[in-house]
Amino acid sequence: MAQTFGQPQQQVQQQSQTPEYTLPGVLHFLQSEWRRYERDRNEWEIERAEMKARIALLEGERRGIENMKTDLMRRVKMLEFALIQERSRYLANVPPTQFPTKESSNVSTPANEEGPESSNTQSLKSMSSTLNTVSSQYKNLASNRDPKYRTKSREILKACLQEIDYLTNVVTNTSSASNRVTTYPTGLDGIPIPNGLDGSNNATRKLHRNSAIFVGGNTNAYNRMTKRPGNFSIRPSRPAPTSPAMVSPILPTNSSSPPLDCSINEHSDSTSTEQEGGSFFPHSGSESFKNGDKLSNGEQSSPISPEFEGNPIANMSSDIQSLNNCVVESATTNCEKESEFLSNNDNYNTQNKTKNEREWKTHNQVKNKNKLKSPDETKEEEQQLTKDVQKKFGLSDVNVTKLMKNANKRKSSEILEINNSDPQLDELSFNVEEEENIQKSETDKTQENDTDRKMWRQRFTLRSHLDTVRSLSWHQTELMFLSGSEDGTVKLWDLKGPLSHKPTSIPDIEPCITYRGHTAAVNSVVMASEQKRCYSASMDATIRVWNLPSSKRDTYGPVDPSLNLTTYIGHTDAIWDLRLFPMRNQNTQLLASASADGKVKIWDTEAGGSPLKCSWGYYGINNEGSVNGEDRPPIPTSIDFVHSDLKKIAVSYQNSIIKLFDIESEQSVLTFESDSTYDNTPATQINRIIVHPTMSLIFSAHEDKYIRFFDINSGKCTFSMLAHLDSITSLDIDPSGMILLSGGHDSSIRLWDIMSTRQCIQEFVSHRRKSDEGVLSVQYHPSLPWIASGGADSVVKIYC
Amino acid sequence: MSNIVPSNEPNNTSSSSETSISSPITSTSTEHKPALRRNRPGTKLEDAYQFPHISLDQIDSAFALQEYLQSLIRANRENIDALVELPAGQDKETWQYEHLRQLCLELNYLVIQLEAECTSQTCPEMKADDWQYLCAAHQAPLNCCAIDYIVHTLDGATTLLNSHKYFPSRISIPETSLKHYQSIARRLYRIFAHTWFHHREIFEAFENENMLYARFLKLSDRYELIAKNLLIIPYNNNINDNQDTHNNHNNESSEIFSRDME
């Protein structure tokens, strides 16, 4: 194959190329090339297969973990609900004694325990009697069992109840809301419970309210009564865990609600699930006996027990299943309407059923894989589970799907807001979400560490300046930058050459050119890549404009006076900051400078005549005279154009104030609340500001170690942090706008996550201190993954 | 590679004794001296570097000598003897090193003055008196014009002084690098010489302001950096006195072609 391919090629080669190539030589070369290629391809294929296998494995693991998470989430919710129930029961134990009608509540217990005799109602008589008979059965059985079992089943039932509540809230939002209104708030009235039961029969408004009261005390009373209460009891129990006081204002409207009969009908119509909930208790008892062994097995490692024995998930799920079974059974037997409702949901449920089945199966498989169970055991388990699932009806299914949905939602959504309407559920799911948050952020972190958030490492150390390096500026696209130093020179560096060397054998890197012209320290430099120029501002109150040399220029080439373009004279004192207008439009390129003479000046660098475009002081253009007799106006320390509104420029002053000026009108349009820690000394001034390239945010670096975030529109401080151990001198934002870079006199450079955590991502101690200064400039390359920093040690360091 | 002195950690504690909050700068206090030795953004030129002069042992940084020297110069740059005098307990070599660095730094400002007047047209060759010098910054010595020679020499000297290879530390200087002092000093001297012979006004104006040549001369005298017979600028106590008594060095013409940079 190689030959057939090779020959025509080789002929072409022979013709086109030098005649030195011999046929056999070329052939041999092509063959060897082909062989090498084949070998490589084989290797790649093997590698690919390996990768695929690994992906499959990891995916399987992930699925397993997801299933486990779902189960654990459910378990957490159950436990939390149980806890809330316990608490509310405990709390509810107190109120009856406070109410004047507390004896009646005492009465209620015996009344309920007496069973059918206590309820004389006509409408609900038959129902309640069945309920009570069942419940008494349950009671007998339960009493035969050990108390542990009872409490445990109680917990399970509670959890089940909660699930029902959830469902009713979701499915019949409006009706459930009205139910809540009617039933719940009345609980504050504190009217005797037996009255409530009777009252419901009488169907008077007052009695209805009473019944609701009965409900209000629900959890404790009912739970104490081994869950015997009838329909009414359940309904109220749903809203119970939420704060009753909250709902109480709605009471007046409730008092005008229809008699209980109506409300019951309403329930059965629209919130049949609730009725199901109401009726399931007794049956769940009997049901649980059916499943008795299973349950008790499961409960050995019941949800309450903190340690996981054997196969907790399996137990959990079996618990849940059995509970669901109970629900289903009770629902079907007691409430035909409910079953109707369920059958309405059946389509939905059956769909879910199969899905769930599958889920459980895969879940089991994963589990088996993990735990290496015996095949028999797993088979048994699986069978049981599938049986359970098949038995299972809509409630839990919906719940599960809901949970899954929620989980997915949360996974996908950046901001984890709880949009759920049910506060109870929110509370329950809150912790789970938090957990997920943590997990997410952890995975994010690791991912980002791997990909986006690389760890910066020092690559080059550039020594050529003879004193503190005060300012740096990268070329827009090239690996070139400018450095300005207190030695009065500006140096241009090109890193392409050094980059071609091995890291171990980099010779001393020399600057391409040293611009000499300033007669004092250079405080700020700016590279204007498009103009092929650079600007430098100095203590000598001048701005100098330099041409970039041609790339062919030798470091020790002849001195070219033409590189020294011009000098902007206008300021009368040290210039501390220079910024280039972010956009170069038509034939104007604006440059802003801030000087210790108190002025901010805008220069049009391409103007024919005088470059000075405008100039204003602290009070704007017109109000210069407002300095009547007082001290000289505050001195600007740093400036930056507002990227979102290019007519504006932000200026920070020595009095720790940031002002926003309109370039056209030269008037202050906004003053930021940025002087919260200002103490009238430069020790608390702002050293540097930077405007976020895309968001309406401005960052300030303070002499007193703070970095603050401000909203450009409102001028309010949105975030403040002590960011360094000493004054912060320099800020920059990475091109993506995600990371804030800061350097300080503590010699450290820190990277901050702007978007989410606002935490320090990375820190490196970099420059050595001279005088009391450390790092003085940090700069991201605008388009390449490089950082440069300049420090008091006269050194520029480059990171990648 | 990363640090000149690997063992020397950044001294975060250096400011601990001085971190007491500086007194408020009032608009009228030109003599204000902030406790922290730093020039914050917004500092006026007149307020810049107004640090109190502190003795060397109070400076706790890797650049103590540099700070001390700069502090001395700011305090009184005319007191040449005090400037050149080796501080007690200090290494002679490192002191010379800092002086040479400072010399390069300040010579920049002389070059700026020269650039206005000394061009490839006015001074096509690097000459001082009868001497002509070839630029050693290139692979083979080149007959650069004066300003090129000066700039190249200054750049070369700066690079050499910053070389990690020859001067890896500012605390101690390797024995083998000491020989560079002489060659650096000798070449820097030629900048003065050219200026003195061909741009006398600039020289005098600069010297009046900075006393740099006087300091340089003192330094080379004190530490024997330049052979006496190479000092072609008339050696007077008053260097502004223009006496041209200088024809005792033609036998050293080989020096013209010296290229002692490795």
Side-chain angles (χ1 to χ4, degrees), chain A residues 458 461 463-464 466-467 487-489 506 508 510 514 516-521 523 539-541 555-556 558-559 561 564 573-574 576-577 596 631-632 635-638 653-654 679-683 685 687-688 703 725-727 745-747 765 767-774 792-794 797, chain B residues 1-4 8-12 14-15 18 21-28 34 36-46 48 51 61-63 66-67 70 101-102 104-105 108-109 111-112 115 119-120 135 137-138 144-145 147-148 151-152 154-156 158-159 161-165:
Chain A
Q458 189 177 311
T461 304
R463 301 181 184 86
S464 183
L466 294 164
D467 210 339
D487 63 12
T489 62
I506 299 170
D508 289 322
E510 288 188 63
T514 300
R516 296 180 176 86
H518 287 294
T519 54
N523 285 334
M539 290 283 235
D540 65 9
T555 304
Y556 291 99
V559 173
N564 187 350
D573 210 325
W576 280 97
D577 204 4
D631 298 342
R632 57 187 179 190
I635 289 170
T637 56
S638 183
Y653 286 90
Q654 270 192 329
D679 66 352
N680 288 319
T681 73
Q685 73 172 34
N687 283 331
R688 181 88 170 169
E703 182 77 9
L725 299 173
D726 203 341
S727 307
H745 286 318
D746 59 355
S747 301
V765 173
H767 293 275
R768 290 178 298 161
R769 282 166 67 106
K770 184 203 160 203
S771 300
D772 288 318
E773 298 181 318
D793 55 359
S794 319
K797 296 193 176 186
Chain B
M1 173 105 203
S2 61
N3 281 331
I4 295 175
N8 200 321
E9 300 263 322
N11 282 302
N12 290 337
S14 65
S15 65
E18 303 148 355
I21 300 300
S22 61
S23 60
I25 285 188
T26 56
S27 56
T28 51
L36 280 176
R37 305 170 68 80
R38 64 173 68 137
N39 294 316
R40 300 186 175 102
T43 307
K44 283 181 169 285
L45 183 58
E46 61 189 9
F51 315 136
S61 88
F63 309 101
Q66 187 190 12
E67 283 181 56
Q70 291 180 337
R101 278 182 72 103
Q102 190 65 29
C104 287
L105 196 162
N108 280 328
Y109 300 122
V111 171
I112 292 162
E115 271 180 324
T119 65
S120 53
C135 184
H138 311 274
C144 287
C145 69
I147 191 69
D148 286 359
V151 167
H152 295 170
L154 207 47
D155 284 345
T158 305
T159 301
L161 286 172
N162 278 301
S163 165
H164 186 67
K165 187 177 163 192

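Nothing here was measured: the structure is a model prediction, and the numbers come from that model. Chain A is the first sequence line, chain B the second, and so forth, proteins listed ahead of strands; every chain is numbered from 1.
- What you find for Ser61(B) and Lys770(A) is that their closest heavy atoms are OG-CA, 4.4 Å.
- The structure places OG1 of Thr514(A) at 8.5 Å from CG of Leu154(B), a figure rounded to the nearest 0.5 Å.
- With sequence neighbours excluded, the residues that form a salt bridge (Lys or Arg N to Asp or Glu O under 4.0 Å) with Asp577(A) are Arg579(A), Arg688(A).
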Would Thr461(A) and His164(B) satisfy side chain to side chain contact (heavy atoms under 4.5 Å, CB included), going step by step from the backbone distance to the final call? CA-CA 10 Å; Thr461(A) 304; His164(B) 186 67; over 6 Å; no
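- The shortest heavy-atom contact between Gly42(B) and Ala596(A) is O-CB, 3.5 Å.
- A heavy-atom distance below 4.5 Å is found between the side chains of Val151(B) and Arg516(A).
- Applying the ring pair (Phe, Tyr, Trp, His ring centres under 6.0 Å) rule to Tyr109(B) yields no partners; only residues at least two apart in sequence or on another chain are considered.
- Counting heavy-atom pairs closer than 4.5 Å to chain A, the top residue among Asp155(B), Ile147(B), Val111(B), Leu161(B) is Asp155(B).
- The distance from atom CG of Asp772(A) to atom CG of Asn39(B), rounded to the nearest 0.5 Å, is 11.0 Å.
- Put simply, the side chain of Glu510(A) never gets that close to the backbone of Gly156(B): no donor and acceptor are under 3.5 Å apart.
- Looking at heavy atoms from C-beta onward, Asn564(A) lies out of side-chain contact with Glu115(B) at the 4.5 angstrom threshold.
- Between the side chains of Asp467(A) and Gln70(B), at least one donor-acceptor pair of N or O atoms lies under 3.5 Å.
- Heavy atoms of Ser794(A) lying under 4.5 Å from chain B belong exclusively to its side chain.
- No donor-acceptor distance shorter than 3.5 angstrom exists from the side chain of Glu773(A) to the backbone of Arg38(B), with no hydrogens or angles considered.
- Looking only at heavy-atom pairs under 4.5 Å with chain A, the residue among Gln66(B), Gln102(B), Lys165(B) that has the most is Gln66(B).
- Residue with the most contacts toward chain B among His518(A), Met539(A), Glu703(A): Glu703(A) (heavy-atom pairs, distance under 4.5 Å).
- Contacts between Thr119(B) and chain A at a heavy-atom distance below 4.5 Å are absent for every atom of the residue.
- At least one donor-acceptor pair closer than 3.5 Å links the side chain of Asp573(A) to the backbone N or O of Leu45(B).
- Looking at Asp487(A) and Arg101(B), no side-chain N of the basic residue comes within less than 4.0 Å of a carboxylate O on the acidic one, giving no salt bridge.
- When heavy atoms are compared at a cutoff of 4.5 Å, Thr489(A) approaches chain B solely by way of its side chain, counted from C-beta outward.
- At a 4.5 Å heavy-atom cutoff, the contact between Thr159(B) and chain A is made by side-chain atoms alone.
- Minimum heavy-atom separation, His152(B) to Tyr556(A): CE1-O, 2.8 Å.
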Could you check Arg40(B) against Thr637(A) for side chain to side chain contact (heavy atoms under 4.5 Å, CB included), going step by step and ending with a plain yes or no? CA-CA 8 Å; Arg40(B) 300 186 175 102; Thr637(A) 56; over 6 Å; no
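- Within the 4.5 Å cutoff, side-chain heavy atoms of Leu466(A) are placed close to those of Asn162(B).
- Neither the backbone nor the side chain of Cys144(B) comes within less than 4.5 Å of any heavy atom of chain A.
- Only the backbone of Pro636(A) comes within contact range of chain B, judged by heavy atoms closer than 4.5 Å.
- Ranking Pro561(A), Ala574(A), Ala520(A) against chain B, the residue ahead of the rest is Ala520(A), based on heavy-atom pairs under 4.5 Å.
- Interatomic distance, OG1 of Thr43(B) versus CD of Gln685(A), reported as 6.5 Å (0.5 Å rounding).
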